[in-house]
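Structure record follows, encoded as structure tokens.
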Amino acid sequence: MRFVLTFIGTLLFWANLNAQSLDASFEILEQLPNSFKNSATSSELTFNIKEDLNPFYLEADFNGQGKLDVAICISEPSTNKQGILIQHGEDRTYYILGAGRTFNDMDNFHWMEVWKVYREKTAERTTFTADFDIEGSETVALSNVAIQVSSSESSYNLITWDGTNYIWIHTGE
């Protein structure tokens, strides 16, 4: 099994996950967290790192297990659909949101221009009528650190761990 992450158009590295070996240039490896470089669990994954998003990865305890998790902006090479790969620190399991895989009724985060760690304990979730008109908002408690995503000219949304899966919290209009 091989895990391939590349800069758009440029091969970045190949990692044999079973042997936990990693070959890449010193400069690229220095930017990635050691927890991600040293291990991962997957089968036959191929994605490009989306290097034009700054930062191209986030590190926080997204699932509340007491270990740092890593989120990396990626794109699927054959379709260029963009998304997020999250690897949990305690067991190295990974989750792919978007990048050709459906998450919150979308499979492409091409609109995402801004992302960062959201550390607040609450968020204002938008509520909708049965006809999907905006009804208002409600304050929701967040159990874990979230990932805040948006395009540069819009309100943000949150991606957070609910104890079993990553979920989407719509905020704003």
Side-chain angles (χ1 to χ4, degrees), residues 1 3-5 15 17 20 31-51 53-76 81-128 132 134-152 154-173:
M1 294 189 299
F3 182 69
V4 182
L5 291 177
L17 296 177
Q20 296 182 348
Q31 294 179 50
L32 294 170
N34 288 334
S35 61
F36 185 81
K37 290 187 291 188
N38 293 337
S39 68
T41 57
S42 130
S43 64
E44 303 284 329
L45 290 177
T46 304
F47 291 98
N48 297 325
I49 291 178
K50 189 171 178 338
E51 107 179 55
L53 195 59
N54 186 16
F56 71 90
Y57 76 90
L58 300 174
E59 195 172 25
D61 183 11
F62 298 118
N63 67 349
Q65 295 296 312
K67 299 268 186 172
L68 287 177
D69 307 315
V70 177
I72 298 179
C73 285
I74 58 171
S75 66
E76 197 279 323
K81 290 183 176 181
Q82 298 170 17
I84 300 171
L85 182 147
I86 302 171
Q87 183 188 57
H88 288 172
E90 74 281 353
D91 62 5
R92 306 295 183 230
T93 56
Y94 68 93
Y95 297 82
I96 297 171
L97 315 176
R101 296 174 181 177
T102 302
F103 174 71
N104 192 53
D105 296 327
M106 67 183 130
D107 68 352
N108 190 355
F109 284 41
H110 65 279
W111 49 266
M112 188 174 74
E113 298 170 317
V114 178
W115 78 327
K116 60 185 173 180
V117 175
Y118 183 87
R119 298 182 191 282
E120 303 298 321
K121 298 295 182 190
T122 61
E124 293 299 315
R125 176 174 45 204
T126 304
T127 56
F128 297 92
F132 298 106
I134 294 177
E135 183 175 53
S137 66
E138 63 183 351
T139 301
V140 293
L142 299 176
S143 301
N144 299 302
V145 172
I147 299 171
Q148 180 178 322
V149 296
S150 69
S151 65
S152 62
S154 70
S155 60
Y156 66 87
N157 294 287
L158 299 174
I159 298 169
T160 189
W161 181 253
D162 71 358
T164 306
N165 293 298
Y166 283 93
I167 61 168
W168 181 269
I169 298 177
H170 187 91
T171 64
E173 300 175 7

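Because the structure is a prediction, the values reported are computed rather than measured. In this chain, numbering begins with 1 at the start of the sequence shown.
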Treating [X] as the side-chain partner and [Y] as the backbone partner, does any N or O pair qualify as donor plus acceptor under 3.5 Å?
X: N104; Y: I167; result: no
X: N63; Y: W161; result: no
X: N157; Y: V149; result: no

Exercise. Which salt bridge (Lys or Arg N to Asp or Glu O under 4.0 Å) pairs, counting each pair once, include a residue from residues 138-147, with sequence neighbours left out?
Worked result: R125-E138

Exercise. Restricting to pairs with a member in residues 112-121, which pass salt bridge (Lys or Arg N to Asp or Glu O under 4.0 Å), not counting sequence neighbours?
Worked result: none

For this session: Kindly indicate, with the supporting measurements, whether the criterion side chain to side chain donor-acceptor pair (under 3.5 Å) is fulfilled by E124 and T139.
Result: CA-CA 5 Å; E124 293 299 315; T139 301; 2.4 Å; yes

Exercise. How long is the gap from CD1 on I159 to CZ on F62, to the nearest 0.5 Å?
Worked result: 9.5 Å

Exercise. Taking atom CG of L53 and atom CG of L58, what is their separation to the nearest 0.5 Å?
Worked result: 8.0 Å

Problem set entry | Non-neighbouring partners of D107 that pass salt bridge (Lys or Arg N to Asp or Glu O under 4.0 Å), sequence neighbours left out | K81

For this session: Using the six-membered ring wherever Trp is involved, compare the ring planes of H88 and Y166 and label them parallel, tilted or perpendicular (cut-offs 30° and 60°).
Result: tilted

Exercise. Relative to the ring of W168, is the ring of F109 parallel (under 30°), tilted (30 to 60°) or perpendicular (over 60°)?
Worked result: perpendicular

Seminar exercise, completed: In short, A71 meets I86 closest at the heavy-atom pair CB-CG1, 4.0 Å

